[in-house]
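Notes to accompany the following structure.
Note on naming: letters A, B, ... go to the chains in the order of the sequence lines (proteins, then strands), and numbering restarts at 1 for each one.
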Amino acid sequence: MGHVRLGRLAKSQSWLRLVALLDLSDVEVSAIAAATADGAQDRLTGLRRDPVLGYILWLLTRVTTAARSDDFLTQVRQLGIEIDSSDSAISVVAKINGLVRTEIEHHPESGPFGEIASLALRRTLLESIGVHQGRLFGGSADDLAQSIRSQTTDRGFGDVSVRFFGDLLGRTLRFYIDKELPFHIGADSGFRDIDASEQFLRELDTYARQSARIVDRFASEWLSKYAYQEQGYVSREQAQGFVAHAMEKLDAELRLESVA
Amino acid sequence: MSDSQPEHVVFQCDDAPLQVPESMQLVMRILRIRSEGSAAEIDLQLHHLHRIVVDAVNDRHADLVRIAAFVYRADMAVSRGSDKDTDARYWRRRLHLCIPVTDPAFWNQHEVLSTMSAALGFLTDDTWSFTFSPAPADRRPIQTHMLPRDPYHQPGVVTLFSGGLDSLCTLVESSLNGERPVALGHWASSRNRHRQESLLKQLNYHHRSWTLPLLGAEISRRGTEPEDNTQRSRGFLYGCLASAVAAEIGAPRVYLSDNGPISLNLPINDQLVGAMSSRATHPQFLDRLNQFIRLVTSSAVAVSNPLQWKTRTEALDILKIAGVESLVVTTLSCSAGSRLTNATPHCGGCSQCVDRRVATIAAGLEVHDPASRYHQDLFLDVLEPWDRAMTAYSYVRFARSVSKQSDTELLERYPQLLDLVTPSDSSPGQTIRDAIDLIQRHVETVMRVMSDQLKIHVDRVVAGDIPAGSLLGKVIGEQVGRRAPQATLRVVTEHDVQTASIVLVPPTSPSQPTMVWNENAWNITYGSRTVSIGRSVNIARLAALLREPGRQFSPEDVVAITEGRTIDHGENRGGDEALQTLSLGSDQPVMDRRAIQSVRSKMRDLRNQAARLRQAGDEDLAAETEAQIETIERYLKQVTGLHGRPRSFATENQQRYRTIRRSVERAIETIGHHHRPLWDHLSQTIHLDQSFIYSPEPVVFWKVVLPSKAA
């Protein structure tokens, strides 16, 4: 691969706790996730007010609302995205990503988490197509709209939110854990081989998605409220508020699992 | 520095007036960069070894080179935080440059500024802005050392030539294609220069009809030690430099070369976000760079990467075709560079060394790139320092993970692939498919090389002589040299070696599904396929359900089983084992109506079978069948109450319920990553409502071996 810039975990008490857990051979994923959340507490708390996260959530709700409308393309164009009916689904997601990238470039204070959130957004949209259409490649812009529309009942936005926050949480946990995981593989380590470490990361993803279910009902109620009150046109501030509440719930969920 | 907002760092280049937007003035630090005088922080000279005519460097092209050089120097002057900056809080920076130029009206145009900032932004993850002012009339021009003769009437391409493998392949290929390339080297040190000169000399020797002019650009840091060494802006420097030179000599194309996987640089480790993996030739960057260059150069120069769709191994074929593979030994890929010796110029553990080593082995060119030229052995040494070990492990893990993924899974796991799609791309789906195919070819190569290394060192593997901390050691894991006392060592097959996981598996009945804990892993057989999954309490909880089809469990029951309060240690009792009643000291075993019906139906079949066997005179088999029927009858009595109705039990604690439910769901999802048919089966037959139950129709009896304690 090309040049990479790797880092380690700081030697604070909370991170040393995570390091110790990674060295044990019988620790639950939930405990490791909780320790990670503990170590990254300040940063995760800061993300509740992160402008890029707020923007991305806002964009997700607006794209969702556009899919429920009679004219998906026009509504999406109003967001500043140039699309037409000849665009493929992948092309539309790429263009949405382009918009997000411009926003990220204006907010270096987000650090890597703006990019992580944009990856979660892309995955959420791609999965929508894959889940609904059964195929990711070959779909059209209209297919994307239909996929999202099929998941944009009030209940449906809960699913979309769960997928977004689940992926965001999973990538965030991996961001930290992967700074240390390579040093806990082999004899007398927490993971017997590379395969085991890879499997652990997959379990971590699954755990993150399961944990994100906590936002499910809240997300559905939230969109339902704005769909009725504001015709689905959520403001950036309102989206930011949603992010703050969702991140708070996720944080609490991670800590709850460690107690259970 | 504020915790939340990166400060603005303003660079005053060559005493340009400080013109800074108001929004930046609150949190600002000013640094100076000079390109002239004894206190200069940057050297800027262009060298020609051969004979290319340049009457005078065009002002705009000269400005372009200066701007790129100042960007390069500024990039090194601001820290991105240390490797202990866990949150990567300081990775992204805000940089503003005040630069004197010949034509500030041109450079201050919105379109010029925005395209330049956009290209740099994607390349570096930083926020760049610029203010241009008039350069003094007496400013010294860029020093060029030229000779007056012109070897080409129409040079076809300027190709950046680092002296590494990829740029050598590009130079050779463009020569083979008759493109009349001009090589442009960046001479940050004399060592670089000598290597490039040596390679060209050897190329000219092999192909006497070729004339390969080498232009050298000496753009190097002077003065204080750099605050940051990642040099992410280097791609911009090279692109601008090459474009200026190409425009000067009339070449319509510029080549910046990286093999495809390096160019895309998908993150091999999940801490690598954005430009933490370099993007020097990423298609998105090249597209943005071209938008900028088109505005600047007087002729239409286009920058591209000719190796975009080749793996490194495939690129090396070019050298073989040209008969110059022996030059591999002279090339240098290592990022550790000058810190090493002539005998071992490669550190062996940086990302470039790892990729180079794997590629040259895969291409059959190890004789020209022997292990002895590497300071550390990638496969057998415990790599130092820590980042080398992390790189090597991540590289192989990435390959293993990707090799198991479908196109869709890969795109969902790495949505970074969407960054490949540029505004001018008319077929984005195909572009992404091509990229996925490229990555899959790359990982196949990596897996093949790892497999070959295992075979080469198999004696040491069996002897337990592979250091646990080495790359091979991490791939093989703990099972090297061990045997489970009651298990059979399965023949290590080609598949095992390729997946680098030597599995010790107890013999099983081919048709009965099994879920068996075997010291360190769960071995799961369903249908014709066996998979191995590492320790997991979730799988243990699932196994508890599978053990007794049709039985309703409370969360406490499941926990009790997996905590070993009543555990079966792996005696092979076949189908009867699933019908054993566990004494849990709490609730009675239960079964739902549907499952009871299913079991009764099976009993009827067995009775008919026993009758047929007796008629046919097969007394032994008939007796065996009747014994089975008796076992099932005993079981049914336990799980049914009055008039054969199902028993039930009271609802348990909601929090515990949720935890255990999620645990089983996770187990099923995990299995979904390994064994899709089993996932299908479990998704339809595991019910996690008020109680937990496994109720397949028809009944399926598993062989389950639980650990003595929770996994």
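- Interface residue W386(B): backbone and side-chain heavy atoms are both found under 4.5 Å from chain A.
- Each of R93(B), R89(B), R94(B), R92(B) was evaluated against E109(A); a single residue qualifies, R94(B), per the salt bridge (Lys or Arg N to Asp or Glu O under 4.0 Å) test.
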**Q.** W91(B)/R5(A) under side-chain contact (heavy atoms from CB on, under 4.5 Å): CA gap, chis, key distance, verdict
**A.** CA-CA 10 Å; W91(B) 170 255; R5(A) 209 274 201 150; 3.9 Å; yes
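- Proximity to chain A (any heavy atom under 4.5 Å) is restricted, for R232(B), to the side chain, taken from C-beta onward.
- If you tally non-hydrogen atom pairs under 4.5 Å between each of I104(A), I116(A), D87(A) and chain B, the highest count goes to I104(A).
- For the set E115(A), R209(A), E105(A), R213(A), the entry with the most heavy-atom pairs within less than 4.5 Å of chain B is E105(A).
- Contact of the L119(A) side chain with the R413(B) side chain is not registered, since no non-hydrogen atoms from C-beta on lie closer than 4.5 Å.
- Contact check for V4(A) versus M276(B): no side-chain heavy atoms found under the 4.5 Å cut-off.
- The shortest side-chain heavy-atom distance between V93(A) and L418(B) falls under the 4.5 Å cut-off.
- Residues P415(B) and R171(A) come closest through the heavy atom pair CD-NH2, 3.4 Å.
- Smallest separation of non-hydrogen atoms from L201(A) and D270(B): CD1-OD2, 4.4 Å.
- A heavy-atom distance below 4.5 Å is not found between the side chains of E412(B) and R122(A).
- Residue contact with chain B, scored on non-hydrogen atoms closer than 4.5 Å, involves the side chain of S88(A) exclusively.
- R397(B) CZ to I194(A) CD1: the interatomic distance, rounded to the nearest 0.5 Å, is 8.5 Å.
- For the atom pair Q430(B) CD and I90(A) CD1, the distance stands at 10.5 Å (nearest 0.5 Å).
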Q: Decide yes or no on side-chain contact (heavy atoms from CB on, under 4.5 Å) for F175(A) and L272(B), but give the supporting numbers first.
A: CA-CA 8 Å; F175(A) 170 77; L272(B) 295 169; over 6 Å; no
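- Residue Q210(A) touches chain B through both its backbone and its side chain, counting heavy-atom pairs closer than 4.5 Å.
- Contact check for E203(A) versus R666(B): no side-chain heavy atoms found under the 4.5 Å cut-off.
- Proximity to chain B (any heavy atom under 4.5 Å) is shown, for A196(A), by neither the backbone nor the side chain.
- In this structure, the side chains of R101(A) and D419(B) come closer than 4.5 Å at one or more pairs of heavy atoms.
- Looking at I436(B), the atoms closer than 4.5 Å to chain A (heavy atoms on both sides) all sit in the side chain, from C-beta outward.
- Here the shortest heavy-atom pairing between Y393(B) and L181(A) reads OH-CD2, 3.8 Å.
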Q: Check the pair R202(A), T670(B) against side-chain contact (heavy atoms from CB on, under 4.5 Å), reporting the backbone distance first and the verdict last.
A: CA-CA 7 Å; R202(A) 287 197 298 267; T670(B) 298; 6.0 Å; no
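- The two residues D85(B) and K179(A) come nearest to each other via the heavy atoms O-NZ, 4.3 Å.
- Taken to the nearest 0.5 Å, the NZ atom of K474(B) stands 9.0 Å off from the OG atom of S197(A).
- Here the CD-OG distance, from E198(A) to S401(B), works out to 4.5 Å after rounding to the nearest 0.5 Å.
- Among D387(B), D83(B), D87(B), V421(B), the residue making the largest number of heavy-atom pairs under 4.5 Å with chain A is D87(B).
- Among residues two or more places apart in sequence or in another chain, the side-chain contact (heavy atoms from CB on, under 4.5 Å) test is passed with T102(A) by H106(A).
- Note on T230(B), N269(B), T127(B): by heavy-atom pairs under 4.5 Å with chain A, the leading option is N269(B).
- Only the side chain of F113(A) comes within contact range of chain B, with heavy atoms under 4.5 Å apart.
- Shown here are the salt bridge (charged side-chain N to carboxylate O under 4.0 Å, His left out) partners of D258(B), two or more places apart in sequence or in another chain: there are none.
- Under 4.0 Å is where a charged nitrogen must lie from a carboxylate oxygen, and between D195(A) and R400(B) at least one such pair does.
- Side-chain contact between L126(A) and T408(B): absent, with no pair of heavy atoms (C-beta onward) separated by less than 4.5 Å.
- L420(B) does not touch chain A: none of its heavy atoms, backbone or side chain, sits under 4.5 Å away.
- Most heavy-atom pairs under 4.5 Å with chain A, from the set F122(B), Y414(B), W128(B): that is F122(B).
- Residue S82(B) touches chain A through its backbone alone, counting heavy-atom pairs closer than 4.5 Å.
- Counting heavy atoms from C-beta outward, M390(B) and F183(A) have side chains that approach closer than 4.5 Å.
- When all heavy atoms of R192(A) and A521(B) are compared, the closest pair comes out as NH1-CB, 4.1 Å.
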